[in-house]
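All figures in this text were calculated on a predicted structure; none of them were measured in a lab.
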Amino acid sequence: MILLKRSTAVVFCVLFTAFILGTGVYAYLELSGDNAVSSSQLKAKAESVLYIAVTGAMVVLVAFLAVAWRTLSLYRELDKLIELNKRGDFSPELSMKKLGPIGERITLLYFSLNALNERKTLKISALSELVDFLMHNIQAPLLVTDVQGYIRYIGENAAGQTDHNRSELIGRNVETVFPEVPFRDSVLELDRRKTSVELNELKNPLTLAAIRDRRNELAYVVLLFGGAIHIPQRPSQGAKSRSRPDRRKGVFRRRSG
């Protein structure tokens, strides 16, 4: 398998072949053109040197073409495996045998990544169940939407302000459920690195809070009716302290009064 760039490998092959051929031609010219030593035996030796050089160059060229063909076959096999993996027909044990020793290592890497993704999936599903449990038992009338405004979680008290039950509200857009809420304008405000937006001019005052990911990009929006939201402060990136923040401070609380 060629681990170099294709252009680098081609240049290396050309230079190596030219060197061998040049060595043979030079030896032939030097030995056959020497007037002091011009016997037929010496000329035969010169021809032998040229023959060996040409043979060596041919061997190197054939070896290069064989390795290049093997590399292209490997690339085609990997492309085929990628397509099979997209369709869900991927069997690493059988498919990777065609790739030899490197296939065994790719198989181990595949299983390691698959196990890691499985653990992440289980973690995400558990966190989703936890959020749903908290939304069932929390007293504050709040709901959680994505950036587009589709309701992902909603508390019992927030659902009680509508004519629908919780299961009917999940997946609906908040603007269709609460048309008086200027959700899009509020999201634009939150996207300007604001932590919360208060809409006190509404009949039922509302506070929107931003939930951001590791890249500090807006991921979810929390809406709390009739109250204020406590926003946990993240430690600054330049802080010397690298201690983990207390996750208990991330729970939304209604401020007294």
Side-chain angles (χ1 to χ4, degrees), residues 81-96 105-162 164-178 181 183-184 186-187 190-191 195-196 206-225 227 229-235 237 242-254:
L81 295 178
I82 293 173
E83 292 298 325
L84 291 176
N85 192 26
K86 290 180 180 179
R87 295 198 297 265
D89 301 330
F90 181 59
S91 177
E93 295 90 348
L94 299 177
S95 302
M96 290 299 177
R105 290 169 174 79
I106 294 177
T107 302
L108 294 176
L109 178 61
Y110 173 81
F111 281 121
S112 299
L113 294 176
N114 193 29
L116 180 60
N117 290 332
E118 183 67 20
R119 288 196 296 269
K120 288 183 177 180
T121 302
L122 294 175
K123 183 69 173 180
I124 292 173
S125 63
L127 290 175
S128 179
E129 291 292 332
L130 175 61
V131 173
D132 194 54
F133 172 81
L134 294 176
M135 297 301 291
H136 270 87
N137 294 275
I138 197 170
Q139 298 299 321
L142 60 82
L143 58 91
V144 181
T145 72
D146 57 18
V147 179
Q148 286 74 31
Y150 292 97
I151 299 174
R152 300 306 178 191
Y153 306 95
I154 183 168
E156 293 287 350
N157 291 337
Q161 300 187 22
T162 68
H164 305 278
N165 55 39
R166 293 182 69 257
S167 60
E168 293 175 344
L169 293 173
I170 299 298
R172 294 187 59 180
N173 195 284
V174 69
E175 292 180 317
T176 63
V177 180
F178 304 99
V181 177
F183 182 80
R184 297 185 181 180
S186 301
V187 168
L190 291 174
D191 197 40
T195 56
S196 64
L206 176 67
T207 302
L208 292 85
I211 304 298
R212 304 183 184 277
D213 55 21
R214 280 187 175 182
R215 298 179 180 178
N216 205 24
E217 296 178 356
L218 189 62
Y220 294 98
V221 179
V222 177
L223 294 83
L224 175 63
F225 293 91
I229 296 179
H230 173 72
I231 306 297
Q233 297 295 328
R234 290 186 177 182
Q237 295 181 355
R242 298 184 180 272
S243 60
R244 295 184 178 180
D246 188 357
R247 297 186 182 275
R248 294 174 298 177
K249 296 180 181 180
V251 179
F252 292 113
R253 304 183 181 91
R254 295 187 63 183

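Taken from CD in Glu129 to CD1 in Ile124, the straight-line distance is 13.0 Å, to the nearest 0.5 Å. Rounding to the nearest 0.5 angstrom, the gap separating the CG atom in Leu130 from the OG atom in Ser125 is 11.5 Å. Taken from CG in Leu113 to CD in Glu118, the straight-line distance is 13.0 Å, to the nearest 0.5 Å.
Using a 4.5 Å heavy-atom threshold, the side chains of Val177 and Asn173 count as separate. When side chains are defined from C-beta on, Arg212 does not count as touching Thr195, because their heavy atoms never get closer than 4.5 Å. Counting only heavy atoms from C-beta outward, the side chains of Ile170 and Ile154 approach each other to under 4.5 Å. Looking at Leu190 and Val221, their side chains come closer than 4.5 Å, going by heavy atoms from C-beta outward. For the pair Val222 and Ile211, the minimum side-chain heavy-atom distance is below 4.5 Å. Put simply, the side chain of Ile138 reaches to within 4.5 Å of the side chain of Leu142, judged on heavy atoms. Pro141 has its side chain within reach of Leu224: a pair of non-hydrogen atoms, C-beta onward, lies under 4.5 Å apart.
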Applying side-chain contact (heavy atoms from CB on, under 4.5 Å) to Val147 and Tyr220, what does each step give before you reach the verdict? CA-CA 6 Å; Val147 179; Tyr220 294 98; over 6 Å; no

Pair Leu223-Phe178, side-chain contact (heavy atoms from CB on, under 4.5 Å): steps then yes or no: CA-CA 11 Å; Leu223 294 83; Phe178 304 99; over 6 Å; no

Leu169 vs Asn165, test: side-chain contact (heavy atoms from CB on, under 4.5 Å). Steps then yes/no. CA-CA 7 Å; Leu169 293 173; Asn165 55 39; over 6 Å; no

Show your working on side-chain contact (heavy atoms from CB on, under 4.5 Å) between Arg119 and Leu122 and close with a plain yes or no. CA-CA 5 Å; Arg119 288 196 296 269; Leu122 294 175; 5.6 Å; no

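With hydrogens and angles disregarded, no donor-acceptor distance shorter than 3.5 Å links the side chain of Asp191 to the backbone of Val187.
What you find for Thr176 and Arg172 is that their closest heavy atoms are OG1-NH2, 3.9 Å.
Pairs of residues two or more places apart, or lying in two chains, that qualify as side-chain hydrogen bond (donor to acceptor under 3.5 Å, both in side chains) and include a residue from residues 148-160 are Ser128-Tyr153, Asp146-Arg152.
A search for salt bridge (Lys or Arg N to Asp or Glu O under 4.0 Å) contacts involving Glu175 returns Arg184, not counting sequence neighbours.
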